[in-house]
Amino acid sequence: MSDTNQNNFPIAHNIYLVRHGAVNLSSDICYGQLDCELTDSFEKDLQSFIDYFQNKQLKTANMQIISSPLSRCLNLAKGLQQSLQLTFIPLKMENAFQEINFGEWEGKTWQSIGQQTIEDWNADLLDYQFPKGESARQFDLRVVTAWLQLNDSLLRAKQAQNIVLITHAGVIRSILSHFLKIPLDHALTLKIDKLSVSTLRVVPQQAKLSQCTAINHILGQ
């Protein structure tokens, strides 16, 4: 028998897909898994993040925080955990929810990577493999596998969960691609701003009842 709530409806879980805030790198630098320093705006970004979730008045007893291990995500996760007095809830770091690995491109300027190399990538966006890195398709498989594992855990949950996943633009695009059944090459065009939240209502027992309730809601505006 499927788990249901007291009104005999299947359990619906809220998933908050959060992209990290600004990083201390110029726009001409390629970065994915490069662990960037935070900018001076971090405290302001963190407060906007905290305000958003305080306004949601979530039941903290049923709250989970999952973060990419990269500091631009993890610091937000720790800040939220402390502000909501959630230190009794383990903060889970999930390597699979890191951004794409650009390999030898990490930390280089786009100019130094070279126009022809970038054109080669643009000609094969899904299967071009970055030197000593991964391709978009390999990255997507990594993310979706972790996402399905998370969904399996929700299938066994006895109460509705509020899950805050603090991660990267590419990860959010891959999850939305899978959830909304959008071809991956189309999902790459989704605009996911820094310090934005995309929200899903997931009903594992009856997937047709699941909904995407927001994409790219920018915090602090």
With a 4.5 Å heavy-atom cut-off, do [X] and [Y] have their side chains touching?
X: Met63; Y: Leu80; answer: yes
X: His178; Y: Leu148; answer: yes
X: Leu188; Y: Leu126; answer: yes
X: Phe139; Y: Asn101; answer: no
X: Ile163; Y: Val202; answer: no
X: Leu195; Y: Ile218; answer: no
X: Leu200; Y: Gln211; answer: no
X: Val164; Y: Val18; answer: yes

* **Other residues, nucleotides, ligands: >12 heavy atoms within 6.0 Å of Asn122 CG** => yes
* Do other residues, nucleotides or ligands put more than 12 heavy atoms under 6.0 Å from Glu37 CD? ->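 No - once you tally the heavy atoms of other residues, nucleotides and ligands closer than 6.0 Å, there are 12 at most.
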Roughly how far, to the nearest 0.5 Å, is [atom2] of [Y] from [atom1] of [X]?
X: Asn151; Y: Ser153; atom1: CG; atom2: OG; answer: 7.5 Å
X: Leu25; Y: Thr109; atom1: CG; atom2: OG1; answer: 12.0 Å
X: Leu125; Y: Leu184; atom1: CG; atom2: CG; answer: 9.5 Å
X: Gln111; Y: Ile118; atom1: CD; atom2: CD1; answer: 9.5 Å
X: Ile166; Y: Ser68; atom1: CD1; atom2: OG; answer: 10.0 Å
X: Met93; Y: Ile66; atom1: CE; atom2: CD1; answer: 12.5 Å

Is there a continuous path of hydrophobic side-chain contacts, each under 4.5 Å between heavy atoms, that joins [X] to [Y]?
X: Leu180; Y: Leu17; value: yes
X: Leu141; Y: Trp147; value: no
X: Leu70; Y: Val143; value: no
X: Trp110; Y: Ile100; value: yes

Taking all atoms of both residues into account, what is the closest heavy-atom pair of [X] and [Y], and its distance?
X: Ile182; Y: Ala187; answer: CG2-N, 3.8 Å
X: Gln206; Y: Pro10; answer: NE2-CG, 3.7 Å
X: Gly133; Y: Gln138; answer: O-OE1, 4.5 Å
X: Ser198; Y: Ile215; answer: OG-CA, 3.5 Å
X: Ser71; Y: Cys36; answer: OG-O, 3.4 Å

* Asked: Among all residues two or more places apart in sequence or in another chain, which pass the side-chain contact (heavy atoms from CB on, under 4.5 Å) test with Leu91?
  -> Ile65, Ser67, Leu74, Ala77, Lys78, Gln81
* To do: Name all residues meeting the side-chain contact (heavy atoms from CB on, under 4.5 Å) criterion together with Asn55; count only those two or more places apart in sequence or in a different chain, and write none if there are none.
  => none
With sequence neighbours excluded, tell me which residues meet side chain to side chain donor-acceptor pair (under 3.5 Å) with [X].
X: Glu43; answer: none
X: His13; answer: none
X: Thr117; answer: none
X: Asp45; answer: Ser41

The criterion is ring-ring contact (aromatic ring centres under 6.0 Å, His included); which residues satisfy it with [X], sequence neighbours excluded?
X: Phe97; value: none
X: Tyr52; value: His217
X: Phe179; value: none

* Tell me, which pairs form a salt bridge (charged side-chain N to carboxylate O under 4.0 Å, His left out) where one or both residues lie in residues 182-197, sequence neighbours left out? -> Lys191-Asp193
* Asked: Tell me the salt bridge (charged side-chain N to carboxylate O under 4.0 Å, His left out) pairs involving residues 116-139, sequence neighbours left out?
  -> Glu104-Lys132, Asp127-Arg137, Glu134-Arg142
Can you list, pair by pair, the side-chain donor-acceptor contacts under 3.5 Å of residues 27-34, counting residues two or more places apart and other chains?
residue, atom, partner, partner atom, Å
Asp28, OD1, Ser26, OG, 2.3
Gln33, NE2, Glu99, O, 3.0

Is a side-chain donor or acceptor of [X] paired with a backbone partner of [Y] at a separation under 3.5 angstrom?
X: Arg173; Y: Leu190; value: yes
X: Gln159; Y: Ala157; value: no
X: Asn14; Y: Asn162; value: no
X: Ser83; Y: Gly79; value: yes
X: Ser210; Y: Val203; value: yes
X: Thr213; Y: Thr199; value: yes
X: Arg19; Y: Ile192; value: yes

* To do: Look at the aromatic rings of Phe102 and Trp105 and report parallel, tilted or perpendicular, splitting at 30° and 60°.
  => parallel
* **Steps toward side-chain contact (heavy atoms from CB on, under 4.5 Å) verdict (Leu38, Arg72)** => CA-CA 6 Å; Leu38 300 168; Arg72 57 191 186 267; 3.9 Å; yes
* Run the numbers on Gln64 and Lys92 for side-chain contact (heavy atoms from CB on, under 4.5 Å), then give the verdict. => CA-CA 8 Å; Gln64 300 180 45; Lys92 181 180 179 182; over 6 Å; no
